[in-house]
A.B. asks: 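Here it is: the structure, laid out below.
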Amino acid sequence: MSGFPDDMPFFDEPAPKPQSEAAGGGAMGGIAARALAARQGHGNAPDYLKGLNPEQRLAVETTEGPVLVLAGAGTGKTRVLTTRIAHILATGRAWPSQILAVTFTNKAAREMKNRIGLLVGEAIEGMPWLGTFHSIGVKLLRRHAELVGLRSDFTILDTDDVTRLIKQLIQAEGLDDKRWAPRTFAQMIDGWKNKGLGPDEIAEGDARAFANGKGRELYRSYQARLTTLNACDFGDLLLHPIRIFRKHHDVLAEYHRKFKYILVDEYQDTNTAQYMWLRLLAQRPSFEAPLRSTPQDERSDPTNSPARDRAPPDFSGATAQGQPPKAATRPVSENKVNICCVGDDDQSIYGWRGAEVDNILRFEKDFPGATVVRLERNYRSTAHILGAAAHLIAHNEGRLGKTLFTDRPDPEDPKVNVHAAWDSDEEARAVGETVEVYQRQKHNLNDMAILVRASFQMRSFEDRFIEIGLNYRVIGGPRFYERQEIRDALAYLRVVANPGDDLAFERIVNVPKRGLGEAAVRQVHDTARALRIPMLEAAGNLAESDELKPKPRAALREVAANFARWQSALETTPHTELAETILEESGYTAMWKNDRSAEAPGRLENLKELIRSMEEYESLRSFLEHVALVMDAEQNEEQDAISIMTLHSAKGLEFETVFLPGWEEGLFPHQRALDEGGRSALEEERRLAYVGLTRAKKNLHLWFVSNRRIHGLWQSTIPSRFLDELPEAHVEVAEGGNSYGGYGNSYGGGFSAGRQNPYGASRFDSVGSASGGSFSNTYATPGWARAKANRTEATDRNWGSRSGHQVERIGYGEVDSGYGAGRTSVKGRTIEGELVAKSVADTPSAFHVGDRVFHQKFGNGNVAAIDGNKLTIDFDRAGQKKVLDGFVTAVG
DNA sequence: GGCATCACCATTTTT
DNA sequence: TGGTGATGCC
């Protein structure tokens, strides 16, 4: 991404040439030649169109008017986007600078740039408006900053800065920052900004919910403070441009003229603010769609803040300024909106951070006459994987509806495997063994991945892989630019680049320790506020006065002198060299060299890496811009290693072999999603499962365990309802229990919909009961049965090596015999080819609500509810638990 | 200012 | 259970 000062001037591009000229003129270099090829008629499609399937080609060639491309997983989405851009360029429809192409992540933007580059050669240099929402937002804002009271050299605050700032504000209000956590408020503000709401627009209820009803004032003073600091947060990068567009018609009109084509990647992930932003840019005055509908998002959002009931903010630039929304005199062609949104409603997994799936569901209403192209031909996965994924996702309502298919079904392809394990350690062990099996078959570790729901799950895999010496890499997790030492170093650089960056100054004024305590820093702060000058300047003033004691005074004098010196060197010294000097002279490097903790060498190494990475940028300023917007750092993939990551960070990736552990109720779907988000959250969890399944090209292994340690306590768990939703035809319950036995009947089958779901029983519950509850309650394959038979012994082996679990081991052993003898029916049944794990037992439970029962692990309790063979029991000591009836015995 | 102790918490994460 | 962040004591 290019840094900001070196941007090309805004409106200096030549007017677009008519198509006929563009093709013939040499100005576009290689493109012209391709354009020629493009115009040679249907029989002779240009190279870049060859190899596209008919749907992809339709998506590429429908350049005019609104287009929605519903691109299922692995259907060539990026290819369509990049080819479409290449096509627009090659046919001379627009100059590179007239195409606005937005993505969510820097990675996606980078990949698009690369791939367009491959298609059209050098012309990519001129794609200045391809980037993330935020990077394009910055670019817009730098040009028009004064319209919202900022200078164009404003700084971009990261979440850490924001939190510290809010903390100051909360304290300044005389509020207790423990009662009102700054981070919580930062998240609230972020949420509001995602919805496009400024301080005056938030709902009364929301405003009152924080800081003794001072939420709104706090938000307002936060914004005021940002303006004073000449800074903005991530949300402002979108909101400020929206404000500018709404208020300054001329500005918006310029961009309307400028952008001939708009492309949006991952449209299902757009939040309301991004949607507003896009609509402003895409919308022409005569464009008459309902700006925002719809009853649907109210319905699907049980958190339903009052804000949702208010009239939607009017972000139509036209109507806001009182212009008639209709401009009947304009020729239709001028009102054409050449916007192309690409996305997949089934992969919308970011609702919890403000994404509105509804945006994509509503596209055709928003843009009447839209061409909708469905990409369903999948080039990634086997028919089994696609079949499993399709069957699962079909349980969601409110989909646009796609069914992926493959042209290349292969009878040799393995089915999707479902495995059970006793607990998470065994799960890790078993996954490790399976990985080794693949390794022996010459599979690369790079082609395998373990995708987990929550990051705490990673640990057991890491432990195990270290133990057996298996290379792994964790994707995601703590980011390079979020590390303490990197932040500190960046704070120094920020102050040098921008002396008014008080937050950065405060961060490092006493790092390393210079004897500047809280009192001294406060003094600097207050002076700065009183005189309306930057803290750095205030520090210089105080150093010359006698308001402070000699020691802090000397420290401040040195700090001020240092920064003055570094700033003057900024013009003359290469920025990498200057950075080194700063870290050296400030004593920062020395601080870590003197630190004897284990992390210190790593931190020094990171600092070196930071300097190295600066080399790619031409100035300190452009580097800082990059850092503010790009929080990730490249991972090196040279070493052969299996990847471990969350399902969320796996979106967009693919692997030959995928392991999906932890498919248990409460973990996946996650209990918290169920508790807080109701049905729509369950559907999002299901989409997450869908994303997980569709990452696999060939081999897919799902796992669930019977016991998982959650918050340090062992909990018995039951298989995820999502397992129930997989089609039997494509799934195989894995054998191999002997090698890692011990799971036996403890999982019991079935899910926990009843009590745990606040919205009531899921409709999947009724699958069992509606059909008379005549299902097996267990997996039923020969291997399974064998494993069951081996269970007790294996369990002893597994648990015996641990201390402190004797009781449980014995307990389960005893329960097991009773359970096995009493009520198991091993023969599996299916319904319409569905249901691998069964939810409901053959026989209704013999227990009754109110029965006094005993459980080996949890002790005595009373039955509170019964759902098939699943009992909800209020235990005297362990609280309420859901257990299978086979695990308890009647008391008295 | 540095260390020990204690309470508290515990999905998902980009920019 | 274990990691973090804040408090309080020296």
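All values below come from the heavy atoms of this structure, side chains included, with hydrogens, waters and symmetry mates left out. Residue numbers start from 1 in every chain, and the chains themselves are labelled A, B, ... in the order their sequence lines are given, proteins ahead of strands.
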A.B. asks: I'd like the P distance from C:dG5 over to B:dT12, given in whole Å.
C.D. replies: 15 Å
A.B. asks: Send over the distance from A:Glu664 CD to B:dT11 P, rounded to a whole Å.
C.D. replies: 15 Å
A.B. asks: Please work out whether B:dT11 sits syn or anti, treating a glycosidic angle within 90° of 0 as syn.
C.D. replies: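 In terms of base orientation relative to the sugar, B:dT11 is syn.
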A.B. asks: Whole angstrom is fine here: how far is it from CZ in A:Phe234 over to P in B:dT13?
C.D. replies: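 Those two atoms, CZ and P, are 16 Å apart.
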A.B. asks: Between A:Glu462 and A:Arg459, is there a side-chain N and carboxylate O pair less than 4.0 Å apart?
C.D. replies: no
A.B. asks: For A:Ala454 and A:Arg514, find the nucleotide of DNA chain B closest to each by heavy atoms; which residue's nucleotide sits nearer the 5' end?
C.D. replies: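 Final value for this comparison: A:Arg514.
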A.B. asks: Do NZ/NE/NH1/NH2 and the carboxylate oxygens of A:Arg487 and A:Asp160 come within less than 4.0 Å?
C.D. replies: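 Looking at A:Arg487 and A:Asp160, the cut-off is met.
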A.B. asks: A:Asn106 CG to B:dT13 P: how many Å, rounded?
C.D. replies: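 Rounded to the whole Å, the gap is 17 Å.
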A.B. asks: For A:His670 and B:dT11, do the ring centres fall under 5.5 Å apart while the planes stay under 30° apart?
C.D. replies: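 Stacked: ring centres under 5.5 Å, planes under 30°.
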A.B. asks: By the 4.0 Å heavy-atom rule, please label A:Asn510 as base, sugar-phosphate, or nothing.
C.D. replies: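 The answer is sugar-phosphate, as A:Asn510 gets under 4.0 Å only of primed atoms, P, OP1 or OP2.
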A.B. asks: Determine, for A:Phe154 and A:Arg142, whether the Lys NZ or Arg CZ falls below 6.0 Å from the six-membered ring centre while staying within 45 degrees of the axis.
C.D. replies: yes
A.B. asks: Indicate whether OP1 or OP2 belonging to B:dT12 is found under 4.0 Å from a side-chain N or O atom of A:Ser455.
C.D. replies: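 It does, given that an N or O in the side chain of A:Ser455 lies less than 4.0 Å from OP1 or OP2 of B:dT12.
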A.B. asks: Could you say whether A:Gly515 or A:Glu685 is positioned toward the 5' end of DNA chain B, judged by the nucleotide with the nearest heavy atom to each?
C.D. replies: A:Gly515
A.B. asks: Whole angstrom is fine here: how far is it from OH in A:Tyr350 over to C1' in B:dT13?
C.D. replies: 6 Å
A.B. asks: Phosphate oxygens OP1/OP2 of B:dT12: is one of them under 4.0 Å from a side-chain N or O of A:Ser649?
C.D. replies: no
A.B. asks: Kindly compute the distance separating CH2 (A:Trp277) from CG (A:Leu140), expressed to the nearest 0.5 Å.
C.D. replies: 6.0 Å
A.B. asks: Measuring from the side chain of A:Lys167 (C-beta onward, heavy atoms only), which nucleotide among B:dT15, C:dA6, B:dT13 has the closest atom?
C.D. replies: C:dA6
A.B. asks: Rounded to the nearest angstrom, tell me the gap between atom CZ in A:Arg708 and atom C1' in B:dA10.
C.D. replies: 15 Å
A.B. asks: Mind calculating the distance between CD (A:Gln187) and P (B:dT12) to the nearest angstrom?
C.D. replies: 13 Å
A.B. asks: Just how far, in rounded Å, is C1' of B:dT15 from CG of A:Leu239?
C.D. replies: 13 Å
A.B. asks: Distance to the ring centre below 6.0 angstrom and angle to the axis at most 45 degrees; does that hold for A:Arg464 and A:Phe461?
C.D. replies: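 Because its charged atom misses either the 6.0 Å distance or the 45° angle limit, A:Arg464 does not stack over A:Phe461.
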A.B. asks: Look only at the side chain of A:Thr694 and the backbone of A:Tyr690, and say whether a donor-acceptor pair between them is shorter than 3.5 Å.
C.D. replies: yes
A.B. asks: Between A:Lys178 and C:dT7, does any side-chain N or O lie under 4.0 Å from OP1 or OP2?
C.D. replies: yes
A.B. asks: Measure from CG on A:Leu238 to P on B:dT15 and round the result to the nearest Å.
C.D. replies: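 So the CG-P distance, A:Leu238 to B:dT15, works out to 13 Å.
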A.B. asks: So, do A:Trp352 and B:dT11 meet the stacking rule of ring centres under 5.5 Å and planes under 30°?
C.D. replies: no
A.B. asks: With hydrogens left out and only the distance checked, is there a donor-acceptor pair under 3.5 Å joining A:Arg709's side chain and the base of C:dT1?
C.D. replies: no
A.B. asks: Given the P atoms of B:dT13 and C:dG2, what is the spacing between them in whole Å?
C.D. replies: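 23 Å, rounded to whole Å.
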